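Worth saying up front: this structure is predicted, and the values here are computed from it rather than measured. Reminder, nothing fancy here: chain letters follow the sequence lines and each chain counts from 1. The basis for the numbers below is simple: all heavy atoms, side chains too, and nothing from hydrogens, waters or symmetry mates.
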Amino acid sequence: MDADLRRRLRQADLLTALRILQAVDVARHRRDDFTATIQPVQEGSRMSNWLLDAEERFAGVRAMADELIRRLGELGPGETLEFNAADLDAQYEAELGGLDALEALYAVQFLGLANVARGESEVGGVFYLRRGEQRRYGKAAYRPLEVHYGERARRLHVIRHILSHEKEEDRIDLFRWYFTISLEQFCKRFLPNPEAATSPQIPEFRERILGGLSETQLKVVTDDESRAILVLAGPGSGKTRTIVHRVANLVALRDVNPERVLVLAYNRTAVAEVRERLAALIGASGIHVDVLTFHGLARKLTGLTEKNAPAGMQGDDRFNWLIQQAVDHLRDNPAPYQYVLVDEYQDIKGAEYDLVTLLASFDREGAPTGEEEDDREQPGYLVAVGDDDQNLYAFMGAKIEFIQRFRDDYDITDEKVVALLPNYRSRPRIVQAANAFIEASLPARARLKGPDQRVYSVRDGEGQVYIGKYQQRYHAALGIAQRAAQLIAQGTPAEEIAILARNWDHLNEVQHALHEAGVAYQMYNVHDQLRPANSYVGGAVRDVLTEEPELAVENARETLERIRQQLSLSDQDRGWQAILSATADLHNTIQGALALRINSAKPLARRGVVLSTFHSAKGSEFDHVFILSEGMREHGRTPPEDETRALYVALTRARESVTLLRREGDCHPTLLQPGYQHALKDIGVEVMSLPTGTPLPSEIRYQLFPDPSDLYISAPDVLFPAGREAVLRYARNWDSLQLRNLQLRSPHGAVGRLSRNGRIMLKLKHALERGQVTATGATVLRCERDDEWYTRAGYTGLETHHYVVLPQFEVIALLEG
DNA sequence: TATAAGATTCTTTTT
DNA sequence: GAATCTTATA
């Protein structure tokens with residue numbers, strides 16, 4: 001441990017001591033960056049009571065932890081225990097004297113017995129517990145907790161000893177010693193009974209946060225002087241890990257108020273991941289850290305939602321408006337956060353960029369003009385983590401310039417740009433192939449990483465890179481299906497195999513081939529709108545549950561089925577099946593928890609080989625990755641930067657092997673460059689031969705998932721009473737769904753029709769003409785009011801929403817090139 | 001019916 | 001920004 005770190009840790013100790021003094025009403029302290037003022041409060045403080053409390057508290061935590069451990073023991077591996085905090089408090093209040101549930105959660109987390117994650121619901125904070133690694137809960141398991149509480153208690157003993165001296169000079173002298181020598185030394189030297197001081201403090205905790213990090217990661221995690229740090233992180237270099245550990249360091253080791261810390265992530269999945277990992281690292285104390293999406297932050301700051309946008313705005317404009325409201329809000333109000341961490345900084349857009357700038361209090365135009373010194377805004381500390389090579393959303397305004405401008409914006413030296421280069425994900429050959437690809441595709445000026453800043457693999461072995469070429473996409477699909485089946489037969493989980501393409505419809509042939517080979521697959525696009533909670537049956541059942549959130553539920557499935565039958569809704573809805581499987585493990589809970597589980601249920605069971613676009617694969621990783629490169633003109637001399645970065649993202653998703661297949665005639669131009677091909681040869685890639693001799697079928701079969709914009713419901717169909725009744729009748733009596741003349745018909749009448757403007761029309765054109773589109777399932781989906789849509793349909797009702805029957809199609813289509 | 005010009009689509013997140 | 005589909009015009 002270097003001297004600097006040691007000095008900082010003493011500061012943390014000081015702050016702990018000050019907090020204790022304040023907590024027991026002995027002294028008050030005011031704190032700014034450099035000084036702390038201590039004021040005595042009064043004689044006869046509650047110090048001794050507090051010590052007694054501390055002992056009781058430990059006994060209480062132990063009792064409650066016992067109970068949690070008992071319930072955890074009943075869980076199977078991977079199962080989750082779910083409850084709300086108020087419920088837990090109420091349950092244990094009587095026996096444990098008002099013990100704070102958070103403390104007990106912290107305890108089981110701290111002991112490594114469980115992973116605690118936090119969620120929000122209508123019924124308040126809800127916690128999810130999952131069994132930790134540790135299986136046996138012997139006496140030894142409690143030792144770290146005892147050490148922790150023992151350390152806190154020792155500090156109290158020391159302070160009480162100091163305060164017991166009558167003369168002020170003595171007290172000052174002892175305080176000086178307290179801050180000069182270690183706690184252990186102090187106890188030995190001054191305490192009448194130093195036995196209590198034999199235990200160390202809590203090295204396990206510090207080790208968990210700071211140990212196991214690379215030197216560079218540690219630098220970012222522990223730097224609390226730099227106002228702005230840009231972390232240029234390569235793929236698989238531990239971006240999120242660095243962010244999570246920095247937050248943990250701030251909150252758990254540096255005593256920063258968690259409410260002053262903000263983590264911005266790019267979507268809900270990323271938010272959930274940061275929250276989970278933070279909870280796993282520091283437990284309950286991480287709960288007060290804000291981990292939000294940009295829109296979540298905008299909602300929190302302004303109290304508005306995109307629905308407050310002026311009438312006439314729709315879709316994207318509403319969301320942009322919301323971000324802009326937050327920017328305006330921050331111009332007039334001080335930033336509520338002091339430590340801001342931004343993930344995936346390369347993909348932030350203009351308004352989001354402004355938001356970050358204001359949050360970090362770096363806005364030069366609107367420099368604070370506080371009349372009083374005390375009102376001066378505290379300085380912000382910004383850490384932005386991103387990789388310009390992985391910029392995927394330039395077409396939406398996420399320009400690479402924002403990350404390039406970082407240095408100028410924040411007036412920082414080059415040293416403050418930290419490069420995280422080791423790749424912990426991919427085997428060496430994969431990293432080398434990806435490096436060679438991006439270096440051959442982009443000129444040095446288009447990249448922030450210099451020639452001496454190459455990503456390198458720290459994994460052992462070599463890994464495999466295969467290349468291949470095809471004329472017919474069908475042949476590539478056949479080859480991939482064969483290899484996937486082979487890998488699965490050899491024991492690779494299907495979910496660890498991904499097939500990635502530029503566009504969704506490039507994967508149609510792959511769907512067909514996988515189906516023929518009997519390999520299960522999943523489409524990786526999760527339309528938020530398709531959430532089971534958004535289905536008519538799911539929403540209706542959830543609403544019944546939340547009417548009495550505290551009501552006990554013995555068997556989740558029975559309760560759900562009972563409510564569904566009372567509402568006389570069909571069980572054939574796609575969403576309903578998903579809800580049943582998402583709640584299958586819930587027993588002996590309350591209705592509120594069940595409702596929450598419905599809210600977070602995923603559309604489909606995530607099983608089988610993953611089919612995804614390059615874009616949707618952002619942030620994911622797989623053992624084996626197959627890539628289709630097509631859809632570009634070859635004779636373009638300089639490859640388009642967007643497409644290069646997208647393909648680079650695809651290449652770097654792979655851990656063990658990557659197979660890069662190019663279509664002759666329109667693959668990414670770099671793949672044809674002699675220089676690049678030589679580089680691949682040096683790396684040791686193998687050529688994958690595809691079954692190009694196989695005769696082509698005349699038709700292929702694949703699944704197609706429309707979204708609500710593909711459906712056009714004309715006035716009599718849905719918006720007016722007859723149509724609404726037809727849809728709701730369908731939700732009760734579920735029969736086959738047929739598509740005739742673009743009209744979606746149930747035996748009870750028309751329930752919708754395909755939109756002529758929807759994107760699906762184009763894709764289905766030929767299949768529709770030949771009548772080879774069949775509905776294989778459907779969900780009755782809630783659609784929020786969309787004024788543009790209503791106007792087009794000639795409707796002016798006041799409802800906030802309506803329902804549509806959203807089918808899932810199987811298409812038999814002519815084979816494309 | 002060729003060809004140019006113009007329009008649209010592709011990649012997608014946010015509740 | 002490129003590919004692809006639609007429309008206008010000789």
Atom-to-atom span, CG of A:N320 to C1' of B:dT14 - whole angstrom: 9 Å
Quick one: label A:G296 by what it contacts on the DNA or RNA (base, sugar-phosphate, nothing), any heavy atom closer than 4.0 Å. nothing
With a non-hydrogen cut-off below 4.0 angstrom, is A:T293 in contact with a base, only sugar-phosphate, or nothing? sugar-phosphate
Only Watson-Crick and G-U wobble pairs, only distances under 3.5 Å, only runs of 3 or more: what stems does that leave for DNA chain B? B:1-10 with C:1-10
Contacts of A:K618 that satisfy salt bridge (Lys or Arg N to Asp or Glu O under 4.0 Å) - sequence neighbours left out: A:D347
Is_stacked (A:Y266, B:dT13) at 5.5 Å, 30 deg: no
Side chain A:K349 and base B:dT14 donor-acceptor under 3.5 Å: no
Results of side-chain contact (heavy atoms from CB on, under 4.5 Å) for A:S441 - residues two or more places apart only: A:F437, A:P639, A:T644, A:H668, A:T670
Distance, P atom - from C:dT4 to B:dT11, rounded to whole angstrom: 13 Å
Is the phosphate of B:dT12, meaning OP1 or OP2, less than 4.0 Å from a side-chain N or O of A:T613? yes
Would you mind reading off the distance between A:K399 atom NZ and C:dG1 atom P, rounded to a whole angstrom? 10 Å
Between A:D505 (CG) and C:dT4 (P), how many Å, whole number? 10 Å
Does B:dT12 have OP1 or OP2 sitting under 4.0 Å from an N or O in the side chain of A:W504? yes
Using OP1 and OP2 only, check whether a side-chain N or O of A:S616 sits under 4.0 Å from B:dT12. yes
From the options B:dT12, C:dA2, B:dT13, select the nucleotide whose nearest atom is closest to the side chain of A:P640. C:dA2
Results of side-chain contact (heavy atoms from CB on, under 4.5 Å) for A:N267 - residues two or more places apart only: A:T269, A:A270
A:Y393 atom OH is separated from B:dC10 atom P, nearest whole Å, by 15 Å
Give A:R299 one of three labels, base, sugar-phosphate or nothing, depending on what nucleic acid heavy atoms sit under 4.0 Å from its own. sugar-phosphate
Nearest-angstrom distance from the residue atom CZ of A:F395 to P of B:dT8: 19 Å
Is there a side-chain contact between A:R645 and A:I400 in this structure, where contact means two heavy atoms from C-beta onward sitting under 4.5 Å apart? yes
Output the rounded distance in Å from CG (A:D642) to P (B:dT12). 13 Å
Can you measure A:D666 atom CG to B:dC10 atom C1' for me and round it to whole angstrom units? 14 Å
Nearest-0.5 Å distance that lies between atom CG in A:L358 and atom CG in A:D354: 6.5 Å
Pairing residues for A:R447 by the side-chain contact (heavy atoms from CB on, under 4.5 Å) criterion, not counting sequence neighbours: A:D388, A:D389, A:I438, A:E439, A:L442, A:K449
So, A:E509 versus A:Q511: side-chain donor-acceptor pair below 3.5 Å or not? no
Please give, in whole Å, the distance from B:dT11 C1' to A:Q390 CD? 16 Å
Taking salt bridge (Lys or Arg N to Asp or Glu O under 4.0 Å) as the test, write out the residues that go with A:R241, two or more places apart. none
OP1 or OP2 of B:dT15 under 4.0 Å from side-chain N/O of A:R268: yes
For the side chain of A:M396, starting at C-beta, report the closest nucleotide among B:dT14, B:dT12, C:dA3. B:dT12
Among the nucleotides C:dA3, B:dT11, B:dT15, which one has an atom lying closest to any side-chain atom of A:F319? B:dT15
